[in-house]
Amino acid sequence: MIQPVVAIHGGAGTMSRASISPEQEREYLDALNQILAAAQAVLARGGSALDAVTEAVTRLEDCPLFNAGHGAVYTSAGTHELDASIMDGATLRSGAIANVNCVRNPVLAARCVMENSKHVFFVGQGAEAFAREQGLEIVDPSYFSTPARYEQLLRVQREQPGAAVLDHDGQAMVAGMQPAAAPIDPDRKFGTVGAVALDAQGNLAAATSTGGVTNKQVGRVGDAPLIGAGCYASNATCAVSTTGTGEMFIRMVASYDVAAQMEYRGATLEEAAHSVVHDKLPRIGGKGGLIAVDGQGNVSLTFNTEGMYRGHARVGEAPVAAIYR
Ligand code: ASP
């Protein structure tokens, strides 16, 4: 008898009790718990893993605390460029979009690409036109803007003009706390959201969505919309969603590597996730973490940064959310 489970993340980075007030901490934990409960409810009424991750990521995109959808970070030009992906572990169908700035919920556009097109990946204007055709909600780009993220951009541009900074590292800066290795280097920058789930039928799914990294160069795309890098799901192994220095996650094909280690060397989910996050990514300077679930309902929430907004919820049990190590 399968006990369905969903896990989510809201990004990893420099986050310590010193940079987050008790009120902010409460706000983050409440948001994570509410989103977990909503996705858990989908699974509890017999919904699919695909529907559960769609529900979770849509809500994470709508929540301004996280760097995806409303509350996305800014490019160096003061604009937003959003990326998202989704994958169905039962069929290996997948969909992704990159570099859009008018689709309210990028994960829904990714899902439409998967279900209603014969392609996997749309970018830029073509992705936006496709989303319009699909009848998805279109918003003015200012919808994604929040004062907190703008302040982050100005701060990064003032203090480290050439750098692109992970969302939660940027927040730590605004709070007056230098991310551990000051000055900020271009490799320290995350805040993406994601979800993975196992449903009662034994199917796995994953989804990831992001505004990218603060002060990124216009046109830059990270790992989040790349199947195998920022998102992967196969019923044969596991479902994975990542957050962190996207360039390194792409080079390490991070999500797929978790699945490959399980398939090729018989690693457990935890062993494979640990190897990618604590061994392979650090070798090339990769910082961040991932969430993963396998067909037995094992869950891994692993990161090599100070913290990662994260949580999981099994059907029939209370959701569990956490921020720090
Ligand atoms: N991985 C994302 C990117 O590189 C950033 C993040 O995780 O916050 O675009």
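Start at 1 and go down the list; that is how both ligands and their atoms are numbered.
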Checklist entry - Under 3.5 Å, N or O to N or O, is Gly222 touching ligand 1 that way? => result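 No; every N/O pair is 3.5 Å or more apart.
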
Next on the checklist: Considering both backbone and side-chain atoms of Val213, is one of its nitrogen or oxygen atoms within less than 3.5 Å of a nitrogen or oxygen in ligand 1?
Outcome noted: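 No, since none of the N or O atoms of Val213 sits under 3.5 Å from an N or O of ligand 1.
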
Do any heavy atoms of [X] fall under 4.0 Å from ligand 1?
{"X": "Ala224", "answer": "no"}
{"X": "Arg220", "answer": "yes"}
{"X": "Gly212", "answer": "yes"}

Just which atoms of ligand 1 are under 4.0 Å from any heavy atom in [X]?
{"X": "Asp223", "value": "1 (N), 2 (C), 3 (C), 4 (O)"}
{"X": "Thr192", "value": "1 (N), 2 (C), 5 (C), 6 (C), 7 (O), 8 (O)"}
{"X": "Thr243", "value": "6 (C), 7 (O), 8 (O)"}

Checklist entry - Does any donor atom in the side chain of Thr237 or Glu263 lie under 3.5 Å from an acceptor atom in the other side chain? => result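 Checked: Thr237/Glu263 side chains show no N/O donor-acceptor pair below 3.5 Å.
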
Answer yes or no: is there an ion pair linking [X] with [Y], defined by an N-O contact shorter than 4.0 Å?
{"X": "Glu159", "Y": "Arg155", "value": "yes"}
{"X": "Arg220", "Y": "Glu81", "value": "no"}
{"X": "Asp88", "Y": "Arg111", "value": "no"}

Item to check | His9 and Tyr309 aromatic centres sub-6.0 Å | outcome: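 Aromatic pair excluded; centres sit 6.0 Å or further apart.
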
Next on the checklist: Can you classify the ring geometry of Tyr256 versus Tyr232 as parallel (below 30°), tilted (30 to 60°) or perpendicular (above 60°)?
Outcome noted: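 Ring orientation, 0 to 90° scale: perpendicular.
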
